[in-house]
Engineer: 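Sharing a structure, written as structure tokens. Questions coming.
The basis for the numbers below is simple: all heavy atoms, side chains too, and nothing from hydrogens, waters or symmetry mates.
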Amino acid sequence: MATNQPLPKAGTVFLSVRESDKDQAVGIASELLDLGYSVYCTSGTHRHLAERGIHTKLLNKIVEGRPNAVDLIKNGEIDLIINTPTRKGAGTDEGKLRATAVRNGVPMITTTTAGVAAAQAMRAMRRGDWAVAALQDYFPAEDVDAPNGDTVLSGSR
């Protein structure tokens, strides 16, 4: 909500993560599938999940041909992207994916930590216990003395 990229309440998620993030992808994919989302993955992520009993739809990497994530985004078939990039630059698969996502208004998450949080938020949205609150509501500040002797009031730090 704070990033102005709303999470989808239903639909299709493209999930493709680098090797070091594949174990975290297990929980993300499992949660998404449990919530009824369709999940597409490229070969490495798809295989890793399948070996752990999680069944996703296989999708070509951009360099492997069509259909791929860019095609599905352009066709309005992807509602959320969770992709942890391995390389940088406009000419990489990750760069093409990001550019297409931005042009088509598809929210994109680039870390597994944020992917876990998003999946949990999507579950909370379904339960109806999703609300916005200030950080100070969760961690109320107390008046404290600053090192220079001034008093710092709650909420002014």
Side-chain angles (χ1 to χ4, degrees), residues 1-140:
M1 292 172 128
T3 63
N4 200 26
Q5 288 201 4
L7 296 170
K9 294 182 180 172
T12 302
V13 177
F14 173 66
L15 173 65
S16 181
V17 298
R18 64 180 163 233
E19 193 62 38
S20 60
D21 293 334
K22 290 201 186 325
D23 286 337
Q24 277 192 292
V26 172
I28 296 169
S30 180
E31 180 80 1
L32 293 171
L33 290 166
D34 187 52
L35 290 169
Y37 291 87
S38 294
V39 178
Y40 281 93
C41 298
T42 52
S43 57
T45 304
H46 176 79
R47 183 175 42 258
H48 187 83
L49 296 173
E51 289 169 355
R52 285 145 185 84
I54 299 168
H55 303 288
T56 61
K57 298 176 183 178
L58 179 61
L59 190 62
N60 288 325
K61 292 181 181 181
I62 297 168
V63 297
E64 294 172 342
R66 296 183 147 166
N68 58 52
V70 168
D71 296 323
L72 270 60
I73 294 167
K74 287 179 179 177
N75 292 339
E77 298 175 49
I78 299 287
D79 301 292
L80 175 67
I81 299 164
I82 302 173
N83 174 250
T84 58
T86 55
R87 298 180 298 145
K88 295 180 181 179
T92 64
D93 274 13
E94 291 91 343
K96 293 173 187 174
L97 185 63
R98 279 191 301 278
T100 304
V102 169
R103 278 194 299 275
N104 290 274
V106 176
M108 184 168 184
I109 295 170
T110 58
T111 67
T112 52
T113 301
V116 168
Q120 291 172 347
M122 291 155 85
R123 180 170 291 282
M125 288 180 353
R126 291 267 181 93
R127 285 192 313 247
D129 61 359
W130 176 259
V132 177
L135 187 58
Q136 292 83 353
D137 293 340
Y138 294 103
F139 304 100

Engineer: Measure the shortest side-chain to side-chain distance between T12 and E77 over non-hydrogen atoms and say whether it is less than 4.5 angstrom.
Structural biologist: no

Engineer: Side chains of V13 and S38, heavy atoms from C-beta outward: is any pair under 4.5 Å?
Structural biologist: no

Engineer: Do R47 and C41 come close enough that some side-chain heavy atom pair is under 4.5 Å?
Structural biologist: no

Engineer: Hey, could you give me the OG1/CD distance between T42 and E64, rounded to the nearest 0.5 Å?
Structural biologist: 7.5 Å

Engineer: Atom NZ of K74 and atom CG of L72: how far apart are they, to the nearest 0.5 Å?
Structural biologist: 11.5 Å

Engineer: Using the side chain to side chain contact (heavy atoms under 4.5 Å, CB included) rule, take R52 and D23 through it: C-alpha gap first, then chi angles, then the decisive distance, then the call.
Structural biologist: CA-CA 10 Å; R52 285 145 185 84; D23 286 337; 4.2 Å; yes

Engineer: Out of T56, I81, L49, which residue meets the side chain to side chain contact (heavy atoms under 4.5 Å, CB included) rule with L15?
Structural biologist: L49

Engineer: Donor-acceptor pair, N60 side chain versus R66 backbone, under 3.5 Å?
Structural biologist: yes

Engineer: Pick out which of T84, T45, N83, T111 makes a side-chain hydrogen bond (donor to acceptor under 3.5 Å, both in side chains) with D21.
Structural biologist: T84

Engineer: Shortest non-hydrogen contact from P6 to P107?
Structural biologist: O-CG, 3.3 Å

Engineer: Taking C-beta and beyond as the side chain, do L97 and I73 meet within less than 4.5 Å on heavy atoms?
Structural biologist: yes

Engineer: In Å, rounded to the nearest 0.5 Å, how long is the span from CZ of F14 to NZ of K57?
Structural biologist: 14.0 Å

Engineer: Closest heavy-atom contact between A118 and I109?
Structural biologist: CB-CD1, 3.4 Å

Engineer: Under the side chain to side chain contact (heavy atoms under 4.5 Å, CB included) rule, what do V17 and H48 come out as? Steps first, then yes or no, please.
Structural biologist: CA-CA 10 Å; V17 298; H48 187 83; over 6 Å; no

Engineer: Could you check whether any side-chain heavy atom of L32 comes within less than 4.5 Å of a side-chain heavy atom of I82, counting everything from C-beta outward?
Structural biologist: yes

Engineer: Do the side chains of L35 and R126 get nearer than 4.5 Å, heavy atoms only?
Structural biologist: yes

Engineer: Between CD of Q120 and CZ of R123, what distance do you get to the nearest 0.5 Å?
Structural biologist: 9.5 Å

Engineer: Donor-acceptor pair, T92 side chain versus G95 backbone, under 3.5 Å?
Structural biologist: yes

Engineer: So how far is it from N68 CG to S16 OG, rounded to the nearest 0.5 Å?
Structural biologist: 11.5 Å

Engineer: Would you say I54 and H46 make side-chain contact, with heavy atoms under 4.5 Å?
Structural biologist: no

Engineer: Minimum heavy-atom separation for I78 to V106, with atom names?
Structural biologist: O-CG2, 3.7 Å

Engineer: N104 side chain to T100 main-chain N or O, any donor-acceptor pair under 3.5 Å?
Structural biologist: yes

Engineer: Are V116 and E31 packed together at the side-chain level, in the sense that at least one heavy-atom pair is separated by less than 4.5 angstrom?
Structural biologist: no

Engineer: Nearest 0.5 Å, please: how far is OG1 in T110 from CZ in R18?
Structural biologist: 8.5 Å

Engineer: Taking all non-hydrogen atoms of both residues into account, name the closest pair between P8 and M122 and its distance.
Structural biologist: O-CE, 3.7 Å

